[in-house]
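For the single chain, residues carry numbers from 1 onward in sequence order.
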Amino acid sequence: MLTGCQGEHRPVDRTPLPTVAAPPYICEYVPLRAVELMTGVRDPLVRGYFDLTSAGGLGDGVCAVYQRGGDRLKVLLVDLTPGGYPGQIKEDLDGGASPLPEIVPGSIGSYFRRASGENNAAFARLVRGKAELSVQLEIGVEGRNNAADVAALMKLIAPKLITPASAPSASPSTSPSPKKG
């Protein structure tokens with residue numbers, strides 16, 4: 001009876017996420033190997049796509065990753081939206097989130113692990129101009145550095161998903177003044 005309750009225990013794979021995006025990809029841009037490491041889900045069920053030509057070239061789309069089986073729990077969500085707000089990043093940082101490096105020129109970002117530790121969830125958000133990319137790890141692998149995983153995934157995918165159209169425009173104070181005649 002005691003062996004029936006123990007179940008199968010696999011050791012935690014603490015392999016760091018790749019530093020270079022490589023196929024196979026899910027949703028055309030997200031490396032499958034990185035997803036498998038950070039979620040612990042092999043052969044995940046995937047739904048979604050990205051359209052980098054929509055919203056005036058800012059891009060839009062979502063990629064949802066689920067566990068297979070009866071429950072089909074969502075474990076990861078990658079979301080690209082044409083509505084970036086740098087103030088949200090500043091709020092995250094003021095709330096204790098860690099800053100992301102400038103992954104894409106002109107970008108600002110943050111990442112953090114859910115304070116409660118529930119489901120080993122961690123989140124990363126990057127804003128550049130009017131584009132926002134978020135990585136939401138809903139169920140992470142216990143024993144991994146889940147916050148580092150979402151930051152590493154952001155580094156892999158942001159250069160492909162944040163398009164040149166999102167580059168911040170020059171602020172009015174830096175543009176030349178019209179000449180008075």
So CG of L137 and CZ of F123: to nearest 0.5 Å the spacing works out to 7.5 Å
Worksheet item: Is there a path of hydrophobic side-chain contacts, each under 4.5 Å between heavy atoms of I, L, V, M, F, W or Y residues, that connects L77 with L133?
Response: no
Taken to the nearest 0.5 Å, the spacing of C63 SG from L80 CG works out to 11.5 Å
Notebook entry, point to check: Looking at side-chain heavy atoms only, is the closest gap between R113 and N120 below 4.5 Å?
Noted result: yes
- Query: Counting only N and O atoms by type, is there a donor-acceptor contact under 3.5 Å from the side chain of Q88 to the main-chain atoms of D92?
  - Reply: no
Residues A121 and E138: closest non-hydrogen pair is CB-O, 3.7 Å
Between the CG atom in L76 and the CE atom in M38, the distance rounded to the nearest 0.5 Å is 5.5 Å
On a heavy-atom basis, the closest approach of I103 and S107 is N-OG, 3.6 Å
Do P105 and R128 touch side chain to side chain, with heavy atoms closer than 4.5 Å?
yes
On a heavy-atom basis, the closest approach of P99 and Y111 is O-CE2, 3.5 Å
Donor-acceptor contacts, no H, no angles, side chain residues 144-159, under 3.5 Å, sequence neighbours left out:
unit_1: R144; atom_1: NE; unit_2: L37; atom_2: O; d: 3.4
unit_1: R144; atom_1: NE; unit_2: D149; atom_2: OD2; d: 2.8
unit_1: R144; atom_1: NH1; unit_2: D13; atom_2: O; d: 2.5
unit_1: R144; atom_1: NH1; unit_2: T15; atom_2: O; d: 3.0
unit_1: R144; atom_1: NH2; unit_2: T15; atom_2: O; d: 3.0
unit_1: R144; atom_1: NH2; unit_2: D149; atom_2: OD1; d: 2.9
unit_1: R144; atom_1: NH2; unit_2: D149; atom_2: OD2; d: 3.4
unit_1: N145; atom_1: OD1; unit_2: A147; atom_2: N; d: 3.4
unit_1: N145; atom_1: OD1; unit_2: A148; atom_2: N; d: 3.0
unit_1: N146; atom_1: ND2; unit_2: V141; atom_2: O; d: 3.2

ask   = Heavy-atom count around E142 CD within 6.0 Å, excluding the residue itself: above 12?
value = no
Can a donor-acceptor pair be found, under 3.5 Å and without considering hydrogens, that links the side chain of S110 to the backbone of L93? no
Enumerate donor-acceptor pairs with a distance under 3.5 Å from any side-chain N or O in residues 44-56 to protein atoms, sequence neighbours excluded.
unit_1: D51; atom_1: OD1; unit_2: T53; atom_2: N; d: 2.9
unit_1: D51; atom_1: OD1; unit_2: T53; atom_2: OG1; d: 2.5
unit_1: D51; atom_1: OD1; unit_2: S54; atom_2: N; d: 3.4
unit_1: S54; atom_1: OG; unit_2: D51; atom_2: O; d: 3.1
unit_1: S54; atom_1: OG; unit_2: D60; atom_2: N; d: 3.4

Test item: V41 and V65 side chains (from C-beta on) under 4.5 Å apart, heavy atoms: no
Q.
Is there a side-chain contact between I139 and T39 in this structure, where contact means two heavy atoms from C-beta onward sitting under 4.5 Å apart?
A. no
In short, K160 meets Y29 closest at the heavy-atom pair CB-CD2, 4.0 Å
CG (D79) and CZ (R125) are apart, to the nearest 0.5 Å, by 10.0 Å
**Prompt:** Transitively linked via ILVMFWY side-chain contacts under 4.5 Å: Y85 with V104?
**Reply:** no
(request) May I ask whether I162 and V135 are part of the same hydrophobic cluster, defined by side-chain heavy atoms of I, L, V, M, F, W, Y residues being less than 4.5 angstrom apart, directly or through others? (result) yes
Tightest non-hydrogen contact, residues I108 and P86, listed as CG2-CB, 4.2 Å
Minimal heavy-atom distance between R72 and G69, with the atoms involved, is CG-O, 3.0 Å
